[in-house]
Amino acid sequence: LAEPFAVWAGSGDFPPLTRAEIRRLRQFLLLGGFLLVDDSDPENAGFGRAARRELVRVLPEVPIVRLEPGRLIYRTFYMLERPVGRVAGPPFLEAMIRGPTAQVVFSSHDLLGALARSERSDWAFQVVPGGETQRERAIRLAINTAMYLLCSDYKDDAVHAPELMRRRARRHP
Amino acid sequence: MNVEVLWSLGDDLPRWGVWVASTVGALGLLEVIYQTRRQRSLRLAVLFTGTAALLLCVMSVLRPARVSSRDSWVGPHVIVLLDQSRRLELPDDSGSSSRRLAARAVLSRLARPSGEVRFTWLGFGSGDPERLPADPGEHGRSVLSDLERALESLGRVEGERAQAVVVISDGRLTHPAGDLEDASLRKLIAGHGIPVHTVRVTDQIPRDASVRSVLATGAAVAHQAFSLRIEVGCEGLACDRLPVHVSELRQGLGPAELARGVAELRDGSATLELEITLDRAGSRVVEVGIEAPPGDRIPDNDRRILTFDVTRERVRLLHIAGRPTYDVRALRRWLKSDQSVDSVAFFILREDQEYPLADDDELALIRFPVDELFTEHLASFDAVMLQDIDAVTYRFAEHLPRLARYVESGGGLILVGGPSAFVGGGYAGSDLERVLPVELNPRLAAFDPGEFVPRVTDAGRLTPVLRAERALSGDEMPVLPGTNLLGPERPGAVVLWEHPRLRTPRGPMPVLALAEVRDGRSIAMGTDGTHLLAFSEIAAKTGGRAYGALWDGLLGWLMRDPRYEGVHVELVRECIAGEATSLRLVGYAQAKSAIEVEVSRLGVMGGVPQHVRVPQSGGEMLTVPVGALEPGGYTAWVRLGTAPPTRFDFACEKAGGAWSDSRPDPARLRRISAVTGGQSVYSDRVEGLRFPKATRVTSERHVTPLLPAWAWTLSAATLLGLHWIVRRRAGLV
């Protein structure tokens with residue numbers, strides 16, 4: 001409980017969490033923590049499946065839902081059409097929502113892979129299929145996720161709505 | 001006392017017994033006479049013995065007795081009801097005296113020994129009639145003149161009822177209303193069957209312009225316009241048009257005009273509707289005044305000073321954060337979870353010079369409308385929360401004077417710490433610094449990143465502001481990640497948390513401090529780590545609820561929620577200018593030190609407050625006299641030791657509504673007398689009142705039989721025997 005933000009990334013299946021781990025993770029979420037689950041091997045998807053399985057045990061009362069384009073997380077800083085990471089992945093994120101915003105966000109796009117740097121400070125992995133443009137979109141998604149965490153549903157406030165609607169109209173006349 | 005002697009018959013003899021005895025006696029007598037007329041010898045003897053025997057027989061039945069009694073005459077019980085309204089302090093017909101003195105003269109004339117009438121002297125005002133105080137100086141403390149209730153109360157009294165009531169008044173009664181039909185008036189006050197005589201102390205209308213009534217159409221809700229229906233009147237003066245103004249009385253500042261209009265008078269009166277908006281919740285003192293023409297004899301009723309209890313639908317809060325942080329996140333989540341808070345938030349997500357790698361259409365950011373917020377919309381907010389934001393970088397330093405005035409005129413302000421708050425945000429030396437609870441030293445570093453655990457001060461332990469948070473956390477506080485470097489608290493400010501190591505020239509450095517700033521309040525939270533009360537190992541013990549409890553208390557205190565005041569303050573009774581006023585303090589028992597009360601006048605600049613110091617008595621309720629006050633609006637600050645003070649605003653008028661309409665109403669008194677069968681007279685004709693006649697009361701009665709019953713019977717038997725012998729001798733059977 002040092003920070004209210006945690007990232008859980010990995011690849012492949014993993015054994016079930018212990019009762020103590022389940023209890024601790026539930027405490028983290030019930031206190032208001034935010035968890036980003038990122039599958040580093042989305043082509044295999046074993047980690048994503050295992051993480052979903054375990055988080056349903058942590059918060060059995062909260063269903064996993066899709067965050068389709070247009071949801072708050074896609075406009076907390078940048079206006080995004082869809083999520084991307086190291087791979088294009090599905091056109092949505094998934095989430096477990098308690099209260100006004102999601103507390104657990106599932107990415108099947110290897111988002112951290114798109115941001116990772118090598119020891120020489122250059123990009124650690126190639127981004128496919130969109131190349132550097134897709135990496136830029138992935139960076140924007142990471143920033144949006146951070147703003148989603150820190151600012152909660154700030155961008156849902158009425159003061160933002162008229163201006164954002166105008167911008168959306170300009171981009172999609 | 002009279003002594004009277006009468007004759008009576010046997011007590012146990014029914015009326016029909018008298019008739020039977022008398023009839024039988026008369027028939028017997030006729031028979032004796034008849035026999036006597038037929039008889040030639042012993043006629044007189046037969047007649048005499050027969051008559052005597054019959055008489056004694058009748059007497060033995062009737063048994064006459066002598067009755068002597070002592071009687072006294074009791075005069076009628078008459079209740080005198082003296083109007084106890086302060087309105088009777090107004091001038092009487094002479095102009096040199098008051099209606100009250102005229103009423104007292106009536107009392108004196110009624111009290112002169114008249115021999116018969118028994119008076120009970122009562123006063124009527126707002127409740128049941130009460131006995132007149134022995135000290136005439138204590139007469140007339142009521143604002144109302146409720147004769148209807150007084151008469152209704154007399155009708156409920158058990159025991160001897162009054163046979164008449166005398167009302168002494170000028171007729172401008174609160175109840176019964178003057179526009180009632182006779183039938184309604186009769187139903188209201190004539191149901192007891194007691195004649196009500198009225199004595200008019202004045203019939204003449206003084207030359208006077210006044211604010212007769214002020215009615216609010218709708219509830220006073222902060223930020224929402226509502227109408228005042230203002231009735232003005234003018235008699236005997238040249239006033240076809242009367243300018244009317246409505247102003248709010250604030251502390252340390254001149255009156256703030258809320259509305260102005262002109263009343264066009266017709267037949268001496270006019271009603272004007274003015275719309276006003278009060279932006280601050282709580283008790284607000286408003287003055288409604290007219291500009292009276294020259295010659296006005298009663299200037300004291302040219303204005304009304306009224307207290308409005310302004311409610312709030314929701315707290316409208318402007319929340320501006322300089323950068324997104326965990327502290328911003330926690331505060332945002334708490335504000336959004338509270339249904340009673342309507343927050344308008346602006347979080348600075350990027351600075352102008354930052355390159356976002358995108359054009360505007362790709363960004364979800366909007367311009368920070370700083371000028372618009374601090375000019376057009378500031379007054380619409382109940383409180384402003386500035387969280388870790390640099391006033392210079394984000395170009396609202398130029399609005400800080402306006403924000404300071406906003407606080408002084410009743411707004412709430414919270415500065416929440418972080419590297420860009422307080423000194424780091426360019427607030428040191430600004431106009432806003434003067435409304436903060438702490439001093440700022442621009443020569444000091446802005447922020448100390450050293451971890452610390454804040455120490456709760458004595459005031460922090462005492463105040464209801466932290467009570468709920470402390471009930472959850474106790475003395476255990478999380479380790480906070482750093483603190484803004486603040487100066488000492490300003491005079492009158494209260495420190496709730498202090499730094500365990502850092503000091504100012506005057507003592508430990510404040511971390512959390514509160515201040516009253518004229519009509520507003522401000523809070524300095526010199527750390528950006530309170531979110532650790534929501535999310536940390538310590539927070540886990542309370543389920544994170546201590547965070548909400550802390551901010552509930554702080555925002556509640558800022559908004560003057562009574563739950564977070566140290567003491568409940570109220571007037572013992574309505575404040576009347578020139579008379580002793582007292583405040584009642586409730587719920588102060590936890591204070592161990594003396595209680596200080598400071599009373600200062602609203603709507604004036606540079607006034608000298610009046611201080612009262614009261615020793616702690618340990619009770620739950622305390623009455624604090626604050627002396628006689630001039631007409632106006634006042635605020636009382638009640639300080640219990642080191643705890644944050646409690647503010648209480650109230651109005652003090654010369655006579656309030658009692659003087660608002662100075663016209664006497666003799667017609668109403670005449671009608672009251674007419675419908676109850678009484679008389680209505682002017683005060684110099686009081687001797688002409690006719691009261692019911694006195695009643696005779698017997699106090700002593702002696703009954704003495706003329707002869708004992710056996711003597712009557714024996715005599716009758718003897719004479720009957722004698723009569724029988726005489727009749728035999730005379731040859732009668």
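Sequence lines set the chain letters: A, B, ... in the order given, protein chains first and strands last, and positions in each chain run from 1.
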Derivation of the side chain to side chain contact (heavy atoms under 4.5 Å, CB included) call for A:L150 and B:R332: CA-CA 9 Å; A:L150 294 174; B:R332 164 79 184 184; over 6 Å; no
Test side chain to side chain contact (heavy atoms under 4.5 Å, CB included) applied to B:L365 and A:K155, step by step: CA-CA 9 Å; B:L365 308 182; A:K155 283 294 173 184; 4.1 Å; yes
Verdict with reasoning, A:D156 to B:K336, per side chain to side chain contact (heavy atoms under 4.5 Å, CB included): CA-CA 12 Å; A:D156 264 351; B:K336 296 302 281 188; over 6 Å; no
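Here OG of A:S152 is found 8.0 Å from CZ of B:F347. Values are rounded to the nearest 0.5 Å. Note that CG of B:L363 and CZ of A:R75 are 14.5 Å apart. Values are rounded to the nearest 0.5 Å. For the atom pair CD of B:E362 and CZ of A:R137, the computed distance is 5.5 Å after rounding to the nearest 0.5 Å.
Legend: side chain to side chain donor-acceptor pair (under 3.5 Å) pairs involving residues 316-325 of chain B, not counting sequence neighbours, sorted by first then second residue: B:H319-B:Q387, B:R323-B:D388.
More than 12 non-hydrogen atoms from other residues, nucleotides or ligands lie less than 6.0 angstrom from CZ of A:F92. Other residues, nucleotides and ligands place no more than 12 heavy atoms under 6.0 Å from the CZ atom of A:R120. More than 12 heavy atoms of other shown residues, nucleotides or ligands fall within 6.0 angstrom of atom CD in A:Q27. Heavy atoms of other residues, nucleotides or ligands lying less than 6.0 angstrom from CZ of A:R23 number 12 at most.
Residue A:P100: no heavy atom, backbone or side chain, is found under 4.5 Å from chain B. Contacts of A:Y74 with chain B are absent, with no heavy-atom separation under 4.5 Å from either backbone or side chain. Both the backbone and the side chain of A:F34 come within contact range of chain B, judged by heavy atoms closer than 4.5 Å.
At least one side-chain heavy atom of B:R333 sits under 4.5 Å from a side-chain heavy atom of A:T101. Residues A:M147 and B:L349 meet the side-chain proximity criterion, which asks for heavy atoms closer than 4.5 Å.
Using a 4.5 Å cut-off between non-hydrogen atoms, the part of residues 523-539 of chain B that approaches chain A consists of B:A534, B:F535, B:S536, B:E537, B:A539. Residues from residues 414-427 of chain B never place a non-hydrogen atom less than 4.5 Å from a non-hydrogen atom of chain A. Scanning residues 543-552 of chain B against chain A with a 4.5 Å heavy-atom cutoff picks out B:G543, B:G544, ordered by number.
No other option in A:T76, A:L30, A:D153 has as many heavy-atom pairs under 4.5 Å with chain B as A:D153.
Proximity of a side-chain donor or acceptor of B:R329 to a complementary backbone N or O of A:L149 within less than 3.5 Å is detected. With hydrogens and angles ignored, the 3.5 Å screen pairs no side-chain donor or acceptor of B:Y326 with any backbone N or O of A:E3.
Nearest approach of B:A345 to A:Y154, heavy atoms of both residues: O-CE1, 3.3 Å.
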